[in-house]
Number of protein chains: 2
Amino acid sequence: MVRPGGRSARVQASVHTAVRELLAEVGRDALTVPLVAHRAGVTPSTVYRRWGDLQELLSDVAVERLRPDTAPEDHGDLRSDLTAWAEQFLDEMASPSGRAYIRDALLGDPDGGNAGQCSAYAAEQIDAILTRAIDRQENTPAVETVMDGVVAPLMYRILFRPAGLAPAYARRLVAELLDPRAGRTA
Amino acid sequence: MVRPGGRSARVQASVHTAVRELLAEVGRDALTVPLVAHRAGVTPSTVYRRWGDLQELLSDVAVERLRPDTAPEDHGDLRSDLTAWAEQFLDEMASPSGRAYIRDALLGDPDGGNAGQCSAYAAEQIDAILTRAIDRQENTPAVETVMDGVVAPLMYRILFRPAGLAPAYARRLVAELLDPRAGRTA
DNA sequence: GGCTTAAAGCAAATCCCTTGCGTTTGTGGA
DNA sequence: TCCACAAACGCAAGGGATTTGCTTTAAGCC
């Protein structure tokens, strides 16, 4: 049990910042628990007891890092909002560090709790955009439809085929979602 | 450089089988490089020099394990073929061991070469199905369309929201791919 | 068959991870 | 306010994993 205030909170904060600083300074490969602990002014055993593992610690930090810190911008209509959001999402997530954070988040717990949190972040952002569209009386898809049609393909490419991902791909996914037509034939 | 035949190949094979056997016997958590090396009749330093890391070794094994060993079944028409393939894909990949293999494959190399291989396997299977459909004069989508509309959403759910994944989801994705219509509204 | 070199074996040194035990520090009750 | 309890941390030792220089083996090539 992590006590809300006092020493526990201080330790958690200093360890998290130590991880972020060292990730930038020495890179992921050179990162070790003793290194993080020393930078945080803590003993390694403390880190091992609280997080159990370097991977879980990294997963923890990654989830915090992937939390969007701002509401999606309002561009006046659904298509513009979704397109802008998808392009920014792709831009942030497809970078080497973005991919590293995603992979770390995926690894934390085997049942995918941390990864589920990241998915929930994206769903929240989408939901905010769709709610605005409904308020504007626009024809609006469901959140799940956007997740399937835009977020999932973007994430799939980011994780499995990161080479040659252009913002145009995000735009195209949004366009095909909003303008349904017969599937492109081979 | 891995020499094609002879001792190198023997070492690679025995290490791979040792990993698969021990994964089944002791589980992933108890798996260590010295353990694998001993089972394979090899010294740990050999494993470290060839693979560098337990994670890369697991990624290597995972890619081999995820390679489909058979062509997709022929059910007579595109919809049946795609539905059957998607259901089987979901069934295999969503299991705990399937998810573990996918995650291992994702972790191997930071630039995603191993993960790209897995994606290529899926694309090959899809392509075989679509080629048959074209031969039958059916109206056939492009491989990329199927990857975006079926494979990516399935993989996204498997990785980020593994709870409550039913075969019906795979069926629905195929149906929506083949019967385009206005997006479900919220 | 002998030569060259990539790859594996060996062993020692280092470092990481684990764990038992004592100490510190929040938290809740008298 | 003070006291008692429990959670979390520090310390230190032990076991095991990882690294590395050197030697030895065996494919591949004349």
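Order of the sequence lines sets the chain letters (A, B, ...), proteins ahead of strands, with each chain counted from 1. What's counted below: heavy atoms across the whole structure, side chains too, no hydrogens, waters or symmetry copies.
Look at B:Thr46 and you won't find any side-chain N or O under 4.0 angstrom from OP1 or OP2 of C:dA8. Between B:Thr32 and D:dA17 there is a side-chain polar atom (N or O) within less than 4.0 angstrom of OP1 or OP2. Dashed line: the shortest gap from a side-chain N or O of B:Arg49 to OP1 or OP2 of C:dA8 is not under 4.0 Å. Considering only side-chain N and O atoms, A:Arg10 lies under 4.0 angstrom from the phosphate OP1 or OP2 of C:dG26.
A:Asp53 has its CG atom 13 Å from the P atom of C:dT19, to the nearest Å.
Counting only N and O atoms by type, the side chains of A:Asp104 and A:Ser59 include no donor and acceptor under 3.5 Å apart. Checking B:Gln12 against B:Arg50 by side-chain atom types alone, a donor-acceptor pair falls below 3.5 Å. B:Thr43 and B:Thr46 share a side-chain donor-acceptor pair at under 3.5 Å.
Side-chain N/O atoms of A:Ser45 and base N/O atoms of D:dC9 include no donor-acceptor pair closer than 3.5 Å. With hydrogens and angles ignored, no donor-acceptor pair under 3.5 angstrom links the side chain of B:Arg7 to the base of C:dG9. For A:Ser8 and D:dC9, a side-chain-to-base donor-acceptor distance below 3.5 Å is absent, hydrogens and geometry of angles not being considered.
Geometrically, A:Arg161 does not engage A:Tyr156 in a cation-pi contact, judged by NZ or CZ lying under 6.0 Å from the ring centre and within 45° of the ring axis.
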